[in-house]
Number of protein chains: 2
Amino acid sequence: MLDRIGDRWSVICILHLGEHEVLRFTELRRLISGISQRMLTVTLRDLERDGFVARKVKPVIPPHVEYRLTPLGRALMENVRSLCQWANDHQEAVRRARESYDARALQDVSS
Amino acid sequence: MLDRIGDRWSVICILHLGEHEVLRFTELRRLISGISQRMLTVTLRDLERDGFVARKVKPVIPPHVEYRLTPLGRALMENVRSLCQWANDHQEAVRRARESYDARALQDVSS
DNA sequence: CAGAATCCAGTCGGATACTG
DNA sequence: CAGTATCCGACTGGATTCTG
């Protein structure tokens with residue numbers, strides 16, 4: 001299951017669905033700028049398969065498909081969100097660590 | 001930073017370092033059966049670069065290198081562990097969701 | 001012991017074109 | 001609108017070999 005958490009697009013999808021209750025395919029596509037429609041399709045199918053997202057098709061023309069989090073998906077979203085929150089709070093520390101590491105690496109090369 | 005959380009080997013490394021305080025390269029390698037020495041090297045260097053892991057080299061022959069979590073790394077580990085805990089608690093639900101999805105998918109094909 | 005370097009097969013994901 | 005299908009370049013990570 002950690003695969004899904006480790007997947008960039010899955011996380012972003014879940015986060016957006018967490019703030020919007022229900023979203024159509026194209027709405028999600030617009031929210032997640034940069035995602036290809038192929039990856040959105042694949043990601044949503046995987047999330048649906050795992051029981052995190054519910055997909056409802058309204059049989060009209062043109063097609064109308066809604067996505068929303070299941071209770072399980074909402075629970076996952078809470079966890080993911082708090083992890084993202086933590087990541088956000090400490091990203092500055094990581095940035096500094098990287099800078100100092102890279103600086104040391106440069107030193108080691110020149111010596 | 002979510003890259004690191006999403007990386008399978010990073011998560012496993014962090015978890016092991018969370019229960020062992022300090023580990024040598026080969027000890028980690030043995031604990032994480034299945035990892036190649038290349039990926040262990042790469043993973044540890046990335047974790048060190050991000051400031052999650054401290055690497056201490058004792059200049060003896062043969063080499064003796066120790067890895068341990070930094071305070072930042074320990075904080076990350078707590079988060080990761082609770083997420084893994086959640087994942088574990090709900091993996092059965094996911095398994096069922098997948099089964100029912102796959103069953104439905106088969107139906108749809110045959111109809 | 002703890003890596004570094006190289007090679008290479010497999011996978012991922014973007015771009016594009018087509019459809020009910 | 002909401003996909004599916006195909007092609008293909010890029011990156012990933014394992015296996016292997018070599019080193020202080």
Side-chain angles (χ1 to χ4, degrees), chain A residues 2-13 16-17 20 22-50 53-68 101-102 104-111, chain B residues 2-14 16-17 20 22-50 53-68 101-102 104-106 108-111:
Chain A
L2 293 173
D3 288 0
R4 209 107 322 286
I5 295 162
D7 182 46
R8 177 186 173 193
W9 296 130
S10 292
V11 169
I12 301 184
C13 271
H16 278 292
L17 286 170
H20 284 277
V22 60
L23 284 172
R24 298 182 58 180
F25 187 87
T26 306
E27 290 172 339
L28 254 174
R29 189 153 161 47
R30 257 194 301 270
L31 283 173
I32 310 174
S33 66
I35 195 174
S36 64
Q37 130 270 37
R38 182 184 181 281
M39 285 318 292
L40 183 54
T41 302
V42 171
T43 300
L44 286 171
R45 216 208 322 293
D46 288 347
L47 289 174
E48 186 196 0
R49 188 170 108 98
D50 286 355
V53 162
R55 176 173 180 268
K56 184 184 292 180
V57 183
K58 297 192 178 179
V60 294
I61 296 177
H64 184 107
V65 181
E66 292 180 348
Y67 294 93
R68 72 182 66 216
Y101 180 95
D102 293 347
R104 260 177 292 138
L106 267 179
Q107 284 249 312
D108 295 350
V109 169
S110 69
S111 71
Chain B
L2 293 174
D3 289 359
R4 208 109 321 289
I5 296 163
D7 182 46
R8 177 188 171 190
W9 297 129
S10 294
V11 169
I12 300 184
C13 273
I14 288 176
H16 278 292
L17 285 170
H20 280 86
V22 59
L23 284 172
R24 299 181 58 180
F25 187 85
T26 306
E27 290 173 339
L28 254 175
R29 190 153 160 46
R30 256 194 302 270
L31 283 173
I32 310 174
S33 65
I35 193 173
S36 65
Q37 132 269 41
R38 183 184 181 280
M39 285 319 291
L40 182 55
T41 302
V42 172
T43 301
L44 285 172
R45 216 211 316 299
D46 287 347
L47 289 174
E48 185 196 1
R49 189 170 108 96
D50 287 356
V53 162
R55 176 174 180 267
K56 184 184 293 181
V57 182
K58 298 192 177 179
V60 295
I61 293 178
H64 186 107
V65 183
E66 292 179 349
Y67 294 92
R68 73 181 67 216
Y101 180 94
D102 292 347
R104 259 178 292 139
L106 268 179
D108 294 352
V109 169
S110 68
S111 72

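Predicted, not measured: the structure shown is a model, and the values here were computed from it. Letters A, B, ... mirror the listed sequences (proteins, then strands); counts begin at 1.
- For D:dA2, neither phosphate oxygen OP1 nor OP2 lies less than 4.0 angstrom from any side-chain nitrogen or oxygen of A:Arg45.
- Toward the 5' end of DNA chain C, the nearer of the two residues B:Pro62 and A:Gln37, judged by each one's closest nucleotide, is B:Pro62.
- Here the side chains of A:Lys56 and A:Val22 are not in contact, with every heavy-atom distance at 4.5 Å or above.
- Between the NZ atom of B:Lys58 and the P atom of C:dA2 there is a distance of 12 Å, rounded to whole Å.
- Following rounding to the nearest Å, B:Lys56 (NZ) and C:dC1 (C1') show an atom-to-atom distance of 18 Å.
- Using a 4.5 Å heavy-atom cutoff, the side chains of B:Pro63 and B:Val57 are not in contact.
- Between B:Arg30 atom CZ and C:dA2 atom C1' there is a gap of 13 Å when expressed in whole angstrom units.
- Two residues are said to be in side-chain contact when any heavy atoms from C-beta on lie closer than 4.5 Å; A:Glu48 and A:Leu44 fail this criterion.
- Residue order along DNA chain C, read from the 5' end via each residue's closest nucleotide, puts B:Pro63 first among B:Pro63 and B:Arg38.
- Going from atom CE of B:Met39 over to atom C1' of D:dA15 covers 14 Å, rounded to whole Å.
- Residues B:Val65 and B:Arg55 are in side-chain contact: their nearest non-hydrogen atoms beyond the backbone lie under 4.5 Å apart.
- Put simply, CH2 on A:Trp9 is 10 Å from C1' on C:dG14, counting in whole angstrom units.
- At least one side-chain nitrogen or oxygen of B:Tyr67 sits closer than 4.0 Å to the OP1 or OP2 atom of C:dG3.
- Looking only at distances, no side-chain donor or acceptor of A:Arg68 sits under 3.5 Å from a matching main-chain atom of A:Leu17.
- Considering only side-chain N and O atoms, A:Ser36 lies nowhere under 4.0 angstrom from the phosphate OP1 or OP2 of C:dA15.
- Of the candidate nucleotides C:dC1, C:dG13, D:dA2, C:dC1 has the atom nearest to the side chain of B:Thr26.
- Applying the 4.0 Å criterion to OP1 and OP2 of C:dA2, one finds that B:Arg29 has every side-chain N and O outside that range.
- What separates CZ of A:Arg8 from P of C:dG14 is a distance of 8 Å, to the nearest Å.
- Summarising the geometry, the separation between CG on A:Leu28 and P on D:dC1 is reported as 14 Å, rounded to the nearest angstrom.
- B:Leu23 has its CG atom 13 Å from the P atom of C:dG3, to the nearest Å.
- Nearest to the side chain of B:Thr41, among D:dA2, C:dA15, C:dA4, sits C:dA4.
- Side-chain nitrogen and oxygen atoms of A:Arg24 include none within less than 4.0 Å of the OP1 or OP2 phosphate oxygen of D:dG3.
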